[in-house]
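Below is one structure, written out as C-alpha cells; the observations come after it.
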Amino acid sequence: LQMLRDPSLRKSVQRKINPSSTSGAYMIWISFIIAFGLIGIATSFDFMNMEFNLINLSYFVDLPSLLIIVVPSIFFSISATSWKSYWHSWSYPFLWRKQVLADDAQSAARCLKVKGDAGFIMGVIGTVIGVMLLMRNINDFPEVQDLLNAITVGLITLYYGFIYKLLCYIAEQRVRNLYLNS
C-alpha cells in the first residue's frame, strides 16, 4: 500500500521498455527523405512537356499556410497532453532514448495523434477560410487563370495538413510499435 502512495516508489516499479535495435530510427529518416523526394519530384515535373520545372516547387511553398498548420497544432498537442509528452513526441520516434517508461511512451503517442489531427483540422479550416475569402472577392478575378491561382493558394493549407498528418501518423506508429507493441 505504501508503494501506491509514494510517487518515487511507484515510478521505480513502472514497466521500463528497452528497445532492441536502432535500425528503425534510420529507416524512419530514410522514409521521410524518400517521401519528400518523391513529393518534390511529383510537384516539379511538368507532364505537359515531360520535363522537370523547378519553378513548380515554388507553388507548393507558402510560409503563412505552413504556420497556420504547425503553430496551432503544437499548442493544441501541448494543451491536450503536456510539455513532457510534447518533448517525448520528438525524441521517442527517432530513438533518442534507450530506456522509456510505458506511460511516457503512451503519452508521447497520444501527443503525436493530437498533433497530427490538429494539423489536419487546421488545414481544413485554412482551406475553408481561403475559399470564403476567394468567394467574397470573386469579382477581383477577371481572368480564369487568376481565379485558379487563388484557389490553389486556398488549397495549400489542406495539402500541408495532409502532409503533417502523415508525418505525425508515421511517428506515432513508430512509438507504438517500438515501445508499446500495439
Side-chain angles (χ1 to χ4, degrees), residues 17-78 80-81 85-100 102 104-127 130 148-149 151-182:
I17 303 161
N18 294 316
S20 59
S21 115
T22 59
S23 65
Y26 298 120
M27 199 61 196
I28 196 169
W29 283 108
I30 292 168
S31 299
F32 286 165
I33 290 168
I34 290 172
F36 282 117
L38 289 174
I39 290 170
I41 290 170
T43 57
S44 65
F45 192 74
D46 183 2
F47 290 97
M48 298 298 280
N49 298 322
M50 298 305 282
E51 63 185 15
F52 285 101
N53 186 356
L54 295 180
I55 293 175
N56 288 352
L57 285 174
S58 67
Y59 302 141
F60 292 89
V61 178
D62 186 45
L63 188 60
S65 296
L66 185 62
L67 291 175
I68 287 172
I69 304 303
V70 174
V71 174
S73 68
I74 288 171
F75 284 102
F76 284 138
S77 66
I78 292 168
T81 57
S85 298
Y86 174 74
W87 290 117
H88 289 171
S89 75
W90 283 101
S91 62
Y92 289 177
F94 307 107
L95 198 64
W96 292 344
R97 305 248 177 140
K98 297 293 182 195
Q99 200 172 48
V100 174
D104 290 343
Q106 184 65 37
S107 67
R110 189 173 42 254
C111 184
L112 284 163
K113 176 151 179 44
V114 169
K115 196 181 339 180
D117 290 348
F120 177 72
I121 291 169
M122 289 306 298
V124 172
I125 291 171
T127 299
L148 294 176
N149 290 339
I151 291 171
T152 303
V153 171
L155 289 174
I156 197 82
T157 55
L158 188 60
Y159 170 76
Y160 285 151
F162 276 122
I163 298 295
Y164 193 75
K165 173 63 178 170
L166 174 68
L167 296 177
C168 289
Y169 174 76
I170 297 301
E172 175 194 356
Q173 294 310 307
R174 170 116 172 100
V175 168
R176 289 190 183 286
N177 291 333
L178 188 62
Y179 300 110
L180 301 173
N181 296 324
S182 62

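Across every non-hydrogen atom of Leu112 and Cys168, the tightest pair is O-CB, 3.6 Å. What you find for Ile156 and Ser65 is that their closest heavy atoms are CG2-OG, 3.0 Å. Contact detail for Thr81 and Cys111: the closest heavy-atom pair is OG1-SG, 3.6 Å. The heavy-atom pair separating Pro93 from His88 by the smallest distance is CD-O, 3.8 Å. Between Ser44 and Leu54, the shortest heavy-atom distance links the atoms CB-CD2, 4.2 Å. Across every non-hydrogen atom of Leu180 and Ala109, the tightest pair is CD1-CB, 4.4 Å.
A distance of 8.5 Å separates CZ in Phe75 from OH in Tyr86, rounded to the nearest 0.5 Å. Distance CG/Leu67 to CG/Asp62: 9.0 Å, rounded to 0.5 Å. Atoms OG and CZ, from Ser77 and Arg110 in turn, are 12.0 Å apart once rounded to the nearest 0.5 Å. Here the straight-line distance linking atom OH of Tyr159 with atom CD1 of Ile69 works out to 12.0 Å at 0.5 Å rounding. Of the inter-residue distances, the one linking Arg174 atom CZ with Tyr179 atom OH reads 6.5 Å to the nearest 0.5 angstrom.
Few gaps surround CZ on Phe60; more than 12 heavy atoms of other groups in view lie less than 6.0 Å from it. Dense packing is recorded around NZ of Lys165, with more than 12 heavy atoms of other residues, nucleotides or ligands lying under 6.0 Å away. Sparse packing is recorded around CD1 of Ile55, with 12 or fewer heavy atoms of other residues, nucleotides or ligands lying under 6.0 Å away.
Formation of a donor-acceptor pair under 3.5 Å by the Thr127 side chain with backbone atoms of Thr157 is not found in this model.
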Could you please spell out the steps behind the side-chain contact (heavy atoms from CB on, under 4.5 Å) verdict for Met122 and Ile125? CA-CA 5 Å; Met122 289 306 298; Ile125 291 171; 4.2 Å; yes
Starting from the C-alpha separation in whole Å, work towards a yes-or-no answer on side-chain contact (heavy atoms from CB on, under 4.5 Å) for Thr43 and Asn56. CA-CA 6 Å; Thr43 57; Asn56 288 352; 5.7 Å; no
Mind running side-chain contact (heavy atoms from CB on, under 4.5 Å) on Tyr160 and Val70 for me, showing each step along the way? CA-CA 9 Å; Tyr160 285 151; Val70 174; over 6 Å; no
Are Tyr164 and Ser73 close enough, and set up right, to give a side-chain hydrogen bond (donor to acceptor under 3.5 Å, both in side chains), and what steps lead you there? CA-CA 10 Å; Tyr164 193 75; Ser73 68; 3.1 Å; yes
Check the pair Asp104, Tyr92 against side-chain contact (heavy atoms from CB on, under 4.5 Å), reporting the backbone distance first and the verdict last. CA-CA 9 Å; Asp104 290 343; Tyr92 289 177; 3.4 Å; yes
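Using a 4.5 Å heavy-atom cutoff, the side chains of Asp117 and Phe76 are not in contact.
Aromatic ring orientation, Phe52 versus Phe45: perpendicular (interplanar angle above 60°, classes split at 30° and 60°).
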